[in-house]
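Input: a single structure, listed below in structure tokens.
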Amino acid sequence: MTNAGTRLNQLPEWAALGKHREQLGDTHLRELFAADPERGTGYTLRVGDLYLDYSKHLVTDETLALLRDLATATGVAGLRDAMFRGEKINTTEGRAVLHTALRAPREAVVEVDGVNVVPEVHAVLDRMAGFADRVRAGEWTGHTGKPIKNIVNIGIGGSDLGPAMAFEALRSYTRRDLVFRFVSNVDGADLHEAVRDLDPAETLFIVASKTFTTIETITNATSARDWLLAGLGAGQEAVAKHFVALSTNAAKVEDFGIDTANMFEFWDWVGGRYSYDSAIGLSLMIAIGPDRFREMLDGFHLVDEHFRTAPPEANAPLLLGLLGIWYGAFFDAQSHAVLPYSHYLSKFTAYLQQLDMESNGKSVDRDGKPVDWQTGPVVWGTPGTNGQHAYYQLIHQGTKVIPADFIGFAEPVADLPAGLAAQHDLLMANFFAQTQALAFGKTPEEVRAEGVAEELVPHKTFQGNHPTTTILADALTPSVLGQLIALYEHKVFVQGAVWNIDSFDQWGVELGKVLAKRIEPVLTRGEGGAELDPSTAGLVAAYRSLRGRS
Ligand SMILES: O=P(O)(O)OC[C@H]1O[C@](O)(CO)[C@@H](O)[C@@H]1O
């Protein structure tokens with residue numbers, strides 16, 4: 001609900017943006033830069049260790065002011081403050097949204113239903129640290145007395161993507177003598193490949209599931225238990241030394257056979273896709289150590305505080321959120337590319353896909369009314385420079401408007417051998433070249449001036465005017481990773497607030513789960529299926545026939 005109870009696209013601020021968009025017409029970034037020599041330095045922000053350049057966006061001072069007016073009219077700041085206060089802003093699930101409490105300092109007070117949750121958060125972090133230290137020191141031994149050397153995280157969605165992404169991102173900080181694997185897919189191949197070369201006696205499974213009912217995770221965890229017990233030739237008593245659980249659901253953890261003494265808890269006010277800085281990060285904490293994990297939490301907290309207190313003109317998540325709204329609503333942009341120029345961020349965009357698309361892939365507003373404005377974009381991308389040799393052609397010369405974030409670092413990771421570290425300038429030269437080419441393109445006149453044959457001029461012309469944000473940091477440290485993730489979390493928040501949707505539920509994933517449960521007995525035993533539509537019934541029959549079951 002907007003502050004005036006008016007639908008988003010009925011607001012005068014929305015109309016003002018529409019009019020402004022018409023006036024902007026085809027104005028080119030070349031013109032905007034020519035008109036303002038300070039633009040390249042003026043349209044920048046510094047947040048913690050992040051340097052943000054938004055000068056290559058199709059905006060003027062007026063655009064930005066109008067977008068901030070829209071944020072005011074839609075009550076973004078009020079909803080933000082309600083979130084930080086622990087109010088139940090996830091209305092369809094009746095829950096508070098308090099991932100920010102996961103990184104609050106020990107002395108902070110954040111109340112849910114009148115209870116300060118910060119002491120509990122730190123109690124769990126301390127328990128995690130104690131456990132991580134024991135594993136890292138070789139003091140946590142398996143059933144046969146051998147120290148644990150292999151850590152396998154079993155989870156899916158937010159219980160996988162966060163720790164898996166952060167493990168990759170911080171690989172240079174990880175214990176290289178321990179093996180870390182992440183299993184998510186219910187395709188048995190995932191678990192098979194993860195454990196086939198491991199010694200069960202040295203393997204710890206971390207079963208990560210907020211609900212502890214997710215069928216993929218419970219199925220994989222059950223198979224992992226079978227693999228372990230068969231490999232050890234042991235009974236159920238071996239489970240306690242080789243399985244720990246990360247969950248909000250102690251009863252289900254116990255049902256599975258994991259001692260709740262080996263459970264690390266979190267709470268229903270932590271959304272799955274906002275959870276890797278909770279107990280869900282245990283595998284990461286074992287990998288990088290508790291101190292580095294805490295540095296990461298401090299990075300998150302730094303951006304939380306920025307989002308909570310920075311004025312609108314200098315508020316980075318607000319700005320990024322509003323830019324996305326601008327392109328979706330007024331340029332018909334359907335997607336948003338996130339292009340990290342770091343090999344270690346290979347899973348960053350996949351992580352953001354859940355964060356953004358599960359949060360803002362909604363088509364009814366908070367009151368259940370259909371929206372008639374664009375909501376969350378398709379988020380996609382892979383690390384540069386690989387994308388340059390694959391799909392950048394379409395970004396440069398295609399017909400779509402694709403706003404893109406370019407993320408890069410001044411320093412290569414510390415433990416890269418000098419010869420390989422020397423490649424970093426080339427990587428970053430590509431990083432800077434791409435946003436330059438996207439913004440300014442190459443005019444037909446410039447192409448002709450190179451002596452290109454006239455019939456090839458249109459093919460070699462780059463229209464430019466493709467909007468990008470550049471995010472530059474000194475190095476990919478635990479703190480910087482936390483800062484980056486919090487930046488995106490709050491950007492997603494801002495967009496959901498303006499679009500007036502509940503960014504914290506995910507009802508859209510439920511139907512498929514229910515149908516899969518109904519279809520499985522048809523596949524395996526030929527039972528039921530009368531209710532299947534003709535297409536699905538035909539496919540199921542073909543599958544059964546191919547498997548020799550009909
Ligand atoms: O941690 P859980 O409860 O196993 O859920 C895993 C994932 O499944 C979802 O609920 C979607 O199905 C995500 O939101 C969540 O991150």
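Both counts, for ligands and for their atoms, begin at 1 and track the order of listing. Scope of the values below: all heavy atoms of this structure, side chains included, with no hydrogens, waters or symmetry mates.
Inspection of the T349 and W380 side chains reveals no N or O donor paired with an N or O acceptor under 3.5 Å. At a cut-off of 3.5 Å, with distance as the only test, a side-chain donor of D405 or Y488 sits close to an acceptor on the other residue. Judged by distance alone, the side chains of D304 and H490 do bring a donor and an acceptor atom under 3.5 Å apart.
Inclusion of T217 in the set of residues having an N or O under 3.5 Å from an N or O of ligand 1 is not warranted. At under 3.5 Å, a nitrogen or oxygen of G158, whether backbone or side chain, sits near a nitrogen or oxygen of ligand 1.
Nearest heavy atoms, R273 versus E358: NH1-OE1, 2.8 Å.
Residue, atom and distance of the protein heavy atom nearest to atom 14 (O) of ligand 1 are E358 OE1, 2.7 Å. The shortest contact between atom 10 (O) of ligand 1 and any protein heavy atom is with K513 NZ, 4.1 Å. Looking only at protein heavy atoms, the nearest one to atom 6 (C) of ligand 1 is I156 O, 3.2 Å. The protein heavy-atom contact nearest to atom 5 (O) of ligand 1 is T214 OG1, 3.5 Å.
A donor-acceptor contact shorter than 3.5 Å links the side chain of N220 to the backbone of N185. A donor-acceptor pair is defined here as one N or O able to donate and one able to accept, closer than 3.5 Å; such a pair exists between the side chain of N153 and the backbone of S159.
There is no protein heavy atom closer than 4.0 angstrom to atom 8 (O) of ligand 1.
In this structure, R294 CZ and S479 OG are separated by 15.0 Å, a value rounded to the nearest 0.5 Å.
Assignment of Q354 to the shell around ligand 1 is supported, since a heavy atom sits closer than 4.0 Å.
Numbered from 1 in the order shown, with element, the atoms of ligand 1 that lie under 4.0 Å from a heavy atom of V509 read 11 (C), 12 (O).
At a heavy-atom cutoff of 4.0 Å, ligand 1 is contacted by both the backbone and the side chain of T211.
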